[in-house]
Amino acid sequence: MLNLSSRLSAVFDQVRLARAGLGPGRVIDVGSDHGQLAVSCLENGIADEVICTDIHEGPASRSRQALKDAGFEDRSGVFVTDGTDGISLVNGDIVVIAGMGGLNIIDIVTRCIGNTPEDILKQVRFVIQPQKSVNLVRKFFAERGFVFDDETVCTDREIFYSIMRLNYSGRPYELGAYRECYGVLLPDKESSGDALVKEYFAHLDKVFGIRSRSDMVVRQALKERERYEDK
Ligand SMILES: C[S@@+](CC[C@H](N)C(=O)[O-])C[C@H]1O[C@@H](n2cnc3c(N)ncnc32)[C@H](O)[C@@H]1O
């Protein structure tokens, strides 16, 4: 059994929750690198089959080897491709994109949803863990009509990561600066006393306090946060 890092464990937890509401199906791990998440999904019965993609041959070979070593060669496919290009999504798929920059994630998901019929998209779940530009990722998903099923925070080697689990409704909406920057579901978790989210928000307050001098959206987010806290 693989020992995942705290960050990948938190991603894995969201994949498990996505599967619980979806029935059997595949996990598509985009940017799979070492293939650890894919192996864990098969080991734990969270995927019938896994598809790993990576834009580089080196990481794709690592995934292929990890799956072979774990005895899952016949239940996996590894492809060198950009995002999900060339992979047709089917009902029950869970698409995981973890450990990549937000702009890269937006680019990958834009093409992925453009290539997927709406009725199938509604039967697919996305688990996303951006390394940066998290606010842009949240804004993107809301504007493209995705609902946030869950949003969590974890720390790994003293760095905060946020993870989101999404499903497609096809009804776009606006989040506003506060929820783009602090999270869609995290503010309510903070209000209900979630200790890690509180720590995360204290960290964001510091970072955004500095960034607000040059970033209008962040400045607006801090104003909205004050209003939210007054309620
Ligand atoms: C930092 S690793 C993260 C690996 C793993 N997902 C994780 O969370 O631990 C990022 C991986 O994504 C791959 N990658 C970057 N851009 C990609 C893209 N557009 N399509 C597919 N893979 C990509 C990189 O080659 C690398 O192996």
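All values below come from the heavy atoms of this structure, side chains included, with hydrogens, waters and symmetry mates left out. Each ligand, and each atom within it, is numbered from 1 in the order the structure gives. Positions are given from 1 along the sequence.
Considering backbone and side-chain atoms together, R7 places an N or O closer than 3.5 Å to an N or O of ligand 1. Of the N or O atoms in A98, one or more lie within a sub-3.5 Å distance of an N or O in ligand 1. In terms of N/O distances under 3.5 Å, ligand 1 is approached by H34. Close N/O approach between N104 and ligand 1 is found [any backbone or side-chain N/O within under 3.5 Å].
The nearest heavy-atom contact from the protein to atom 20 (N) of ligand 1 is G83 N, 2.8 Å. With respect to atom 27 (O) of ligand 1, the closest heavy atom belonging to the protein is D54 OD2, 2.7 Å.
Between the choices V80, D33, I55, the shortest heavy-atom distance to atom 22 (N) of ligand 1 belongs to I55. Considering each of G101, G99, S5, G31, the one bringing a non-hydrogen atom nearest atom 6 (N) of ligand 1 is G31.
Contacts between L8 and ligand 1 below 4.0 angstrom, taking non-hydrogen atoms only, involve the side chain exclusively. Residue contacts with ligand 1 for P59 involve side-chain atoms from C-beta outward but no N, CA, C or O (heavy atoms, distance under 4.0 Å). Only side-chain heavy atoms of I108 come within less than 4.0 Å of ligand 1; its backbone N, CA, C and O stay farther off. When non-hydrogen atoms are compared, ligand 1 lies under 4.0 Å from neither the backbone nor the side chain of Q36.
With respect to R179 and E224, no salt bridge is recorded, no charged nitrogen being found less than 4.0 Å from a carboxylate O.
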Worked check of side-chain hydrogen bond (donor to acceptor under 3.5 Å, both in side chains) between E143 and Y173: CA-CA 5 Å; E143 287 176 349; Y173 54 101; over 6 Å; no
side-chain hydrogen bond (donor to acceptor under 3.5 Å, both in side chains) assessment of Q65 paired with D69: CA-CA 6 Å; Q65 192 60 48; D69 291 348; 2.9 Å; yes
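Of the residues listed (Y178, Y200, Y182), the one engaging F208 in a ring-ring contact (aromatic ring centres under 6.0 Å, His included) is Y182, and it is the only one. The one candidate from L166, L89, I28, L22 that meets the side-chain contact (heavy atoms from CB on, under 4.5 Å) condition with V124 is L89.
Judged by distance alone, with hydrogens and angles left aside, the side-chain atoms of R75 form a donor-acceptor pair with the main-chain N or O of D48 at under 3.5 Å. The closest donor-acceptor contact from the side chain of R26 to the backbone of S76 lies at 3.5 Å or more, if one exists at all.
Near T81, meaning under 4.0 Å from any of its heavy atoms, are these atoms of ligand 1: 20 (N), 21 (C). With ligand atoms numbered from 1 in the order given, ligand 1 contributes 18 (C), 19 (N), 20 (N) to contacts under 4.0 Å with heavy atoms of D82.
Under the 3.5 Å distance criterion, with hydrogens and angles disregarded, a donor-acceptor pair is assigned to the side chains of S61 and E57.
The shortest non-hydrogen separation linking A60 to D54 is N-CB, 4.1 Å.
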